[in-house]
Amino acid sequence: MAGHSKFKNIMHRKGAQDKKRSAQFSKLSREITVAAKMGMPDPDMNPRLRAAVNAAKAQSMPKDNIQRAIDKASKGDGENYEEVRYEGYGPGGVALIVEALTDNRNRTATNVRTAFAKNGGNLGASGAVSHGFERLGLIEYPAKVGDEEKVLEAAIEAGADDVESDTGEDGIHSIWTSVENLHPVSRELEKALGEAEAVKLAWRPSLKAEVGEDEARTLLKLIDVLDDDDDVQTVWGNYDISDEIMEKLG
């Protein structure tokens, strides 16, 4: 296991969470409903639901909204969402994986394809880029829970595989596990560090691609457009944008 400083979040650039709260709550609600439908409607008995509820709490989603999303599943109300994954290339040949929950595959596919086409990318076939990523468990804590050494020690004790820490302002500790160990490790970490900000399955790139300023500008626009789509839950990529370029782009 190794600890790394200045880890850049591979999901999205800093500031991408400053979106409209209602849109964010809508995505969180959708994940809660799907998780509750796939297993027990009790977070203590359903690891995926527990992770979804914790993610909602971390974003200050009201308890009533969380309960409503769970109830929607148990009552059989609302749309039937299905999980869909899209893979493609962004500007500079950056590999992107887009995960969506949708009640209309045609609509989502059209929106994702259009986003890629209008922002210097190409949507590929299933499996086009995922071979360059590992499917792993990811547990995230804000930097304020402790320094790199404290988190690394807790992660080793909990049985995690790797830790990457960005201890700067708004930084995060990213703790990686195998898919099978995600929830056992997160339960152990909770004893030492408290409730995580996120517990989820993730795509971790085997190799990262450095991106120049012009390509980064178009790439971040593409990611923003995808993020703004109600059906898109997460965008993963293998891009590495330097701090200098990020500062220039604001």
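Atom set for the values below is all heavy atoms of this structure, side chains included, hydrogens, waters and symmetry mates excluded.
A 4.5 Å side-chain heavy-atom check between W203 and R85 finds at least one atom pair inside the cut-off. Taking the side chain as every heavy atom from C-beta outward, H183 and V199 approach each other to under 4.5 Å. By the 4.5 Å heavy-atom criterion applied to side chains, I223 and Y239 are counted as neighbours. Using a 4.5 Å cut-off on side-chain heavy atoms (C-beta onward), I175 and E164 make no contact. Side-chain atoms of V225 and T114, non-hydrogen and from C-beta on, never get closer than 4.5 Å to each other. For the pair V94/L96, a side-chain contact is recorded, criterion being any heavy-atom separation below 4.5 Å from C-beta on. Inter-residue side-chain proximity for F116 and L222 is flagged as met; some heavy-atom pair is nearer than 4.5 Å. Counting heavy atoms from C-beta on, the side chains of V163 and V151 come closer than 4.5 Å.
With rounding to the nearest 0.5 angstrom, the CG atom of L220 is 11.5 Å from the CD atom of E215. Annotation: the span from L226 atom CG to N111 atom CG amounts to 9.5 Å, rounded to 0.5 Å. Between the OG atom of S186 and the CG atom of L138 there is a distance of 11.5 Å, given to the nearest 0.5 Å. Atom-to-atom distance recorded for H173:NE2 and I139:CD1 is 13.5 Å, nearest 0.5 angstrom. Of the inter-residue distances, the one linking I66 atom CD1 with L28 atom CG reads 8.5 Å to the nearest 0.5 angstrom. Taking CG of D161 as the reference point, atom CG of N181 lies at 7.0 Å (rounded to 0.5 Å).
R217 meets the side chain to side chain contact (heavy atoms under 4.5 Å, CB included) test with E213, D214, L249; sequence neighbours excluded. With sequence neighbours excluded, the residues forming a salt bridge (Lys or Arg N to Asp or Glu O under 4.0 Å) with E99 are R135, listed by chain and number. Under the side chain to side chain contact (heavy atoms under 4.5 Å, CB included) criterion, P62 pairs with F25, N65, not counting sequence neighbours. Residues satisfying the side chain to side chain donor-acceptor pair (under 3.5 Å) test with K191, not counting sequence neighbours, are E188. Remark: V84 pairs with E82, Y86, T102, R105 by the side chain to side chain contact (heavy atoms under 4.5 Å, CB included) rule, at least two apart or across chains. Under the salt bridge (Lys or Arg N to Asp or Glu O under 4.0 Å) criterion, R107 pairs with D103, D231, sequence neighbours left out. With sequence neighbours left out, the side chain to side chain donor-acceptor pair (under 3.5 Å) criterion links E180 to S178. Under the side chain to side chain donor-acceptor pair (under 3.5 Å) criterion, E134 pairs with no residue at all, not counting sequence neighbours. With sequence neighbours left out, R113 forms a side chain to side chain donor-acceptor pair (under 3.5 Å) with no residue at all.
In plain terms, the two heavy atoms of S29 and A69 that are nearest each other are O-CB, 3.7 Å. Across every non-hydrogen atom of T218 and N119, the tightest pair is CG2-O, 3.4 Å. In this structure, N238 and P205 approach most closely via the heavy-atom pair CB-CB, 3.5 Å. Smallest separation of non-hydrogen atoms from A216 and I245: CB-CG2, 4.0 Å. The shortest heavy-atom contact between S174 and W176 is O-CD1, 3.8 Å.
A donor-acceptor pair is defined here as one N or O able to donate and one able to accept, closer than 3.5 Å; such a pair exists between the side chain of S206 and the backbone of G132. Although no hydrogens or angles enter the test, the distance criterion places no donor-acceptor pair under 3.5 Å between the side chain of K72 and the main chain of R30. For K248 (side chain) and D243 (main-chain N/O), no donor-acceptor pair under 3.5 Å exists by modelled atom type. Proximity of a side-chain donor or acceptor of N46 to a complementary backbone N or O of M40 within less than 3.5 Å is detected. Put simply, the side chain of Y141 never gets that close to the backbone of G146: no donor and acceptor are under 3.5 Å apart. Formation of a donor-acceptor pair under 3.5 Å by the K200 side chain with backbone atoms of G137 is not found in this model. At least one donor-acceptor pair under 3.5 Å links the side chain of E87 to the backbone N or O of G127. Within the 3.5 Å criterion, the main-chain N or O of T108 finds no donor-acceptor partner in the side chain of D229.
Residue Y81 is found in a hydrophobic cluster whose other members, listed by chain and number, are V34, M38, L101; membership requires side-chain heavy atoms under 4.5 Å apart, directly or through intermediates.
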Trace of the side chain to side chain contact (heavy atoms under 4.5 Å, CB included) decision for L201 with L182
CA-CA 8 Å; L201 293 177; L182 174 61; 4.0 Å; yes

Do V179 and L136 pass the side chain to side chain contact (heavy atoms under 4.5 Å, CB included) test, and can you show the C-alpha distance, the side-chain angles, and the key distance before you say yes or no?
CA-CA 5 Å; V179 171; L136 297 170; 5.5 Å; no

Side chain to side chain contact (heavy atoms under 4.5 Å, CB included) between I70 and I32: does it pass, once the steps are laid out?
CA-CA 6 Å; I70 294 173; I32 289 169; 3.5 Å; yes

With a cut-off of 3.5 Å and sequence neighbours excluded, list every side-chain donor-acceptor pair involving residues 49-58.
| from | atom 1 | to | atom 2 | distance (Å) |
| --- | --- | --- | --- | --- |
| R50 | NH2 | E190 | OE1 | 2.7 |
| R50 | NH2 | E190 | OE2 | 2.8 |

Distance-only donor-acceptor hits, side chain of residues 152-159, under 3.5 Å, sequence neighbours excluded:
none

